[in-house]
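These figures come from a predicted structure and were not determined experimentally. Atoms within each ligand, like the ligands themselves, are counted from 1 in listed order. For the single chain, residues carry numbers from 1 onward in sequence order.
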Amino acid sequence: MAWLRTILHADMDAFYASVEQLDNPQLRGKPLLIGVDHPRSVVSTASYEARPYGVGSAMPMVEAKRRCPQAIIVPPRMQRYAEVSEQIMTVFGNFSPHIEPLSLDEAFVDLTGSERLLGAPEVVARNVKAAVKLATGGLNVSVGVSGCKYVAKVASDFRKPDGLLIVPPEEMVAFLAPLPISRLWGVGKRGEEQLRNLDLRTIADVAAADPFWLKQRLGSLGVHVYALAHADDPRPVVSDREAHSISSEETLDVDVSGRAAIAPYLLRAADRVARRLRRAGLRAGGVRVKLKTDKFQSLTRQVVLRPPATSSAVLYDEACKLLGHFDLYQRFRLIGVTAYDLRPESAPIQGLLFGETERKKNDKLDRALDSLRERFGKGAVQRGSDMGAAERFGLPTGKMPED
Ligand code: TTP
Ligand code: MG
């Protein structure tokens, strides 16, 4: 059986707990419970060191502490997890434009038809894992690849942590067969109980059942589980371009501080992001600046763009204004710009009277530069301000390594 569709599912290992261990080396190798130490709170997640004690997500904190008293309780830092989430979604987006995030730490990626470009599923899966590790500074993601969403999701969970499993289309049904019915997607506790009452315990039991009987006894649930048990899941990967973002980040050879030293890098990043926006036919409803200090602390500031923009100059100007919200006396090792809240260029723009001429002028200039670059190579043209900055600060100029 050929790979009619190639779907990858990626899910971070013990996500919140792993981020805490990444940011605080003293927590590495130790049992952690992420959550608030309160009589009525529940555990968000537990590190893999704590899981042998039978603790995990959604368990009351009181119960988790009883089972694993030596665990360190760490309060969640949602903003930091959102930031890491953005890093990993950007990585997935580099493999395919068709990505569907399911939560902060997991996404489907549709790789259909990309084998010649990216390699066999096993190669892509390894590359995704390595790219996530690199982008996050060391986090593990578990990956499953198969011929449909459902089996890819089961596969990514199968060898956790640091898992990788490829289930070719012809092996999907056999792979599912021995698994318990709790692995059927979308079957809650009550559904499981209904299946057990019919003496169906494994997915093979469901696959072998008479579909008419299943439908008669369970209604739509019966139709659903019969299809899943046969790895029949045609749901497409639905990418949400609006939730997606485009970033350009640069890790510097030498740390910098102060507005004058940071601005040229910001300009280069803003220009790259804006060009990618224009190439994709998108406008950004917001822009974000990210600075990472020499102590590896990531700081971000963002602003909404009204109207949404696609021009390098607008992105750069707004990014420069955002610099005023950082303490620029620190030393920075990474500078980045992200365009987020993306929408198609053709979408109607509201509130466009003020500054319209300026915007049109910028758009025209951008497009002229884009087409020159396309015709004569990436180093052929630079904005005057970019040149000056490069000269003044000795930035490498002609190269555009990210494009
Ligand atoms: P999961 O991917 O379900 O769990 P996990 O990443 O912690 O562990 P693994 O995938 O290796 O089994 O959820 C991702 C994050 O979402 C998790 O780190 C914390 C949060 N979460 C909750 O806050 N409450 C919950 O009930 C669940 C399931 C997750
Ligand atoms: Mg996870």
Side-chain angles (χ1 to χ4, degrees), residues 7-24 27-38 40-65 67-68 71-92 99-109 125 128-133 135-146 149-165 179-180 182-189 191-192 243:
I7 313 285
L8 180 148
H9 180 261
D11 185 304
M12 302 297 284
D13 297 333
F15 184 46
Y16 295 2
S18 304
V19 173
E20 296 306 329
Q21 290 177 327
L22 176 75
D23 289 354
N24 182 354
L27 299 177
R28 292 179 196 168
K30 299 198 179 141
L32 303 188
L33 297 169
I34 306 300
V36 186
D37 193 2
H38 182 273
R40 283 205 312 240
S41 75
V42 294
V43 175
S44 291
T45 193
S47 68
Y48 272 85
E49 292 82 359
R51 293 194 188 186
Y53 298 89
V55 296
S57 297
M59 177 177 282
M61 186 56 88
V62 176
E63 172 69 10
K65 274 168 64 175
R67 291 190 188 197
C68 187
I72 304 169
I73 300 171
V74 182
R77 291 181 300 149
M78 290 313 297
Q79 211 188 342
R80 174 72 179 123
Y81 310 144
E83 182 182 80
V84 178
S85 176
E86 201 170 293
Q87 290 171 340
I88 65 168
M89 296 305 165
T90 303
V91 167
F92 301 151
I99 79 163
E100 180 180 338
L102 291 184
S103 67
L104 280 183
D105 89 323
E106 62 175 314
F108 286 110
V109 184
V128 167
K129 287 171 69 72
V132 164
K133 193 165 244 177
T136 57
L139 295 183
N140 282 330
V141 65
S142 290
V143 170
V145 186
S146 194
K149 280 170 117 174
Y150 167 53
V151 180
K153 187 165 161 76
V154 176
S156 76
D157 197 48
F158 206 68
R159 300 230 167 110
K160 256 183 181 294
D162 201 13
L164 188 166
L165 182 63
L179 303 180
S182 57
R183 291 280 187 162
L184 287 164
W185 199 6
V187 179
K189 285 270 164 273
E192 263 183 58

With nothing but distance in play, are any N or O atoms of [X] less than 3.5 Å from an N or O of ligand 1?
| X | answer |
| --- | --- |
| R51 | yes |
| M12 | yes |
| A14 | yes |
| K160 | yes |

Original post:
Nearest to atom 14 (C) of ligand 1 by heavy atom, D105, L102, T45: which?
Top reply: D105
Subject >> Residue selection (non-hydrogen contact nearest atom 5 (P) of ligand 1) among Y16, F15, Y48 >> reply: F15
Subject >> Nearest heavy atoms of A50 and L32, plus distance in Å >> reply: CB-O, 3.8 Å
Original post:
Is there a donor-acceptor contact under 3.5 Å from the side chain of R51 to the main chain of G56?
Top reply: no
Is there a side-chain contact between [X] and [Y], using heavy atoms and a 4.5 Å cut-off?
| X | Y | value |
| --- | --- | --- |
| Y16 | V74 | no |
| V36 | M61 | no |
| K30 | L27 | no |

**OP:** Evaluate salt bridge (charged side-chain N to carboxylate O under 4.0 Å, His left out) for R80 paired with E20, printing each intermediate quantity in order.
**Re:** CA-CA 9 Å; R80 174 72 179 123; E20 296 306 329; over 6 Å; no
Subject >> N/O/S from D11 sitting under 2.8 Å away from the Mg ion (ligand 2) >> reply: yes
Original post:
Taking 2.8 Å as the cut-off, does an N/O/S atom of M12 lie below it from the Mg ion (ligand 2)?
Top reply: yes
Original post:
Is there a donor-acceptor contact under 3.5 Å linking the side chains of N140 and K129?
Top reply: no
Original post:
Out of D105, I88, L22, which residue meets the side-chain contact (heavy atoms from CB on, under 4.5 Å) rule with L139?
Top reply: L22
**OP:** Scan the protein's non-hydrogen atoms and note whether one is under 4.0 Å from atom 11 (O) of ligand 1.
**Re:** yes
Original post:
By atom name, which N, O or S atom belonging to D105 lies closest to the Mg ion (ligand 2)?
Top reply: OD2
**OP:** Would you mind listing which atoms of ligand 1 come within a distance below 4.0 Å of any non-hydrogen atom of D11?
**Re:** 2 (O), 10 (O)
Original post:
Of all the atoms in ligand 1, which lie at a distance below 4.0 Å from a heavy atom belonging to D13?
Top reply: 11 (O)
Original post:
How are the rings of W185 and F108 set relative to one another: parallel (under 30°), tilted (30 to 60°) or perpendicular (over 60°)?
Top reply: tilted
Subject >> Taking atom 21 (N) of ligand 1 as the reference point, the nearest protein heavy atom with its distance >> reply: S44 O, 3.5 Å
Original post:
What residue and heavy atom of the protein are closest to atom 26 (O) of ligand 1, and at what distance?
Top reply: S57 CB, 3.7 Å
